[in-house]
Protein chains: 2
Amino acid sequence: MATAETRDALIEGAIATLREKGHAHASAREIAARAGCNQALIFYHFGSVERLLLAALDRVAESRRARYQAMVDESRSLKELVRTARAVFEEDLDHGHVAVLVEMIAAAQSDDSLRPEVAERLQPWRGFAADALRGTPAARLGGPDELAHGVVALYLGLELLANLDGDRAPALALFDRAASLASLLDLFTPRRKS
Amino acid sequence: MATAETRDALIEGAIATLREKGHAHASAREIAARAGCNQALIFYHFGSVERLLLAALDRVAESRRARYQAMVDESRSLKELVRTARAVFEEDLDHGHVAVLVEMIAAAQSDDSLRPEVAERLQPWRGFAADALRGTPAARLGGPDELAHGVVALYLGLELLANLDGDRAPALALFDRAASLASLLDLFTPRRKS
DNA sequence: GTCTATACTTGGATAGAC
DNA sequence: GTCTATCCAAGTATAGAC
C-alpha cells in the first residue's frame, strides 16, 4: 500500500483509539489492529507511538478549528454565537471529537516530553476564541484575551464533567443561561464586527 | 508496623505519585517505594492499585473540601469570595492539590470501572459551590446549581491549562476581572446570607 | 504484617525475511 | 513497505517463608 494511505489509516486508528479507550490504552498493537495493519508499521512511519498520537491530535485539532471558525462566521450576534456554541458542544460530545483533545491534554499534564507539544497545538484555540469575542459586546466584560482563556478552560471543563457523569444536561442549561445574558448584552451593542 | 500507619504511608505515597508522575505512572512499585515499604503490601491492604488510588482521592477531596468551606465562611461579599478563591487557586497549584483530582478525573474519562467512583467523589463539590453562591448576588445571574456546575468546570479547566502552559497568569487575570465584576454586583446586594 | 520470589501479561521497539 | 519473530522492560497479582 502507498505510504500516504497507511499513514492515514494509522492516524484514523489512533483517533478512534484515543476516543474510545483513552491515552492509557492507546497502544501500538491496539491502534494497528484498528488500522488493519501491523504494529511494526507505526514505528516505521512515525518513529514512536507518541509521535503518531501527536499526528492524530494535529488532525483533530485542525478539523475542529475549521468547524469552530465556520460557526463564528455564521453568527450575527452574541446570542447567536452562544446558541451555535451549544450546538457544537453537543456535536463534539456525540462524536467524541474533543474527547481526543482532552485525553492528550490530560496525558500531557505529567509528561515532560508531551507537555510542550500539546501546549503548542492548543495555542490556536485561544487566539481563535479571542477573535470570536473581539467586536462582540462580551468584550465589554473584560479583555478579549483573558475572556478567551476562560472560555477555552470552561469548554474543556464542561466536556470533562459531561463525560464523567454521562450527563450533559447541566452544561446545556449553562449554555442557555449564557444565551439569555448574551441577548441582554446584544440590546446595547446589537452589531458585530464590520 | 501497625496496619493504620502502613495504610497511611501508602495513601500519602499514592498522593505524591499521582501529583508528580500522574495516573499513568502511579504503579504499585513506584508508590511502595515512596511509602518505604514493599509493593505486595498494597494488595494486602487495599486489594488493588486502583482501590488505593481511590483512597488517595478520598483523602485529597476531603482535605480540599474543608479548605474551601473555610474560605467561603470567611468571605463577607462576592468580591471577597472571588479574591479568596484566587488565593486558594494559587495554593492548589503550588502544592499540586487539585492536580491529584485532575489526574483521577482524566483517567476516569475512559475507564468504565473508575468513572462512577470518581463521579461520586466529585459530587460534593457541586453542592458546595452551589451553597457558596446561594445568597450571593451572583445567584441573580442564574440558578445556583447551573452556576455551580460552571464554576467547578471552569476551575478544573483553568488548572488543566495552567499546568499545561506552566503559566498561571491568564487564570489569575481572569480572577481579577471576576473580582471587579463581583464588586459591581455587591453594590446592589452588599450583604450575604444571614 | 511484611518480605522475597515468581508467574503471568502487556507494551515499546528492533531485526530480518519477503 | 509490510510482515513475523523476538527481545526487553515494566506492571499486576499471588504464594509462601518469616
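Numbered from 1 within each chain, the chains take letters A, B, ... in sequence-line order.
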Taking atom types as modelled and ignoring hydrogens, do the side chains of B:D111 and B:S113 form a donor-acceptor contact shorter than 3.5 angstrom? yes

What I want to find out is whether A:D58 reaches A:R121 closely enough, with some N-O distance under 4.0 Å, to be called a salt bridge. yes

A:F46 CZ to C:dA13 P, straight-line distance once rounded to whole Å: 14 Å

Starting from P on C:dG12, measure out to NE2 on A:H25 and report it in whole angstrom. 11 Å

Is any side-chain N or O of A:T6 closer than 4.0 Å to OP1 or OP2 of D:dG1? no

Atom-to-atom span, CD of B:Q39 to C1' of D:dT14 - whole angstrom: 10 Å

Quick check on the helix from C:dG1-D:dC18 to C:dC18-D:dG1: what's the angle between its two end axes, five base pairs per end, to the nearest 10°? 0°

Please name the residue in the list A:L18, A:T17, A:V100 that meets the side chain to side chain contact (heavy atoms under 4.5 Å, CB included) test with A:H23. A:L18

Between atom CG of B:L161 and atom NE2 of A:H149, what is the distance when rounded to the nearest 0.5 Å? 4.5 Å

Would you kindly give the CZ-to-C1' distance between B:F43 and C:dA7, to the nearest whole Å? 14 Å

Expressed in angstrom and rounded to an integer, what is the separation of B:R51 atom CZ from D:dA13 atom P? 9 Å

Pairs: protein N or O with nucleotides 15-18 of chain C N or O, under 3.5 Å:
none

Using a 4.0 Å heavy-atom cut-off across all strands, classify A:E30 as base, sugar-phosphate, or nothing. nothing

Does a side-chain N-to-carboxylate-O contact under 4.0 Å join B:R83 and B:E80? no

Does this structure show an ion pair linking A:D92 with A:R67, if we count only N-O contacts that are shorter than 4.0 Å? no

Polar contact flag, side-chain donor to acceptor under 3.5 angstrom, A:E103-B:S110: yes

D:dG11 phosphate, OP1 or OP2: any side-chain N/O from B:S27 under 4.0 angstrom? yes

Shortest non-hydrogen contact from A:A56 toward A:A14: CB-CB, 3.9 Å

Measure CG/A:L41 against P/D:dT4 and give the value in whole Å, please. 10 Å

Tested for side chain to side chain contact (heavy atoms under 4.5 Å, CB included) against B:M104, the lone hit among B:L53, B:L122, B:V60 is B:L53

Please give, in whole Å, the distance from C:dG11 P to A:R29 CZ? 7 Å

Rounded to whole Å, how long is the line connecting atom CD1 of A:I31 with atom C1' of C:dG11? 12 Å

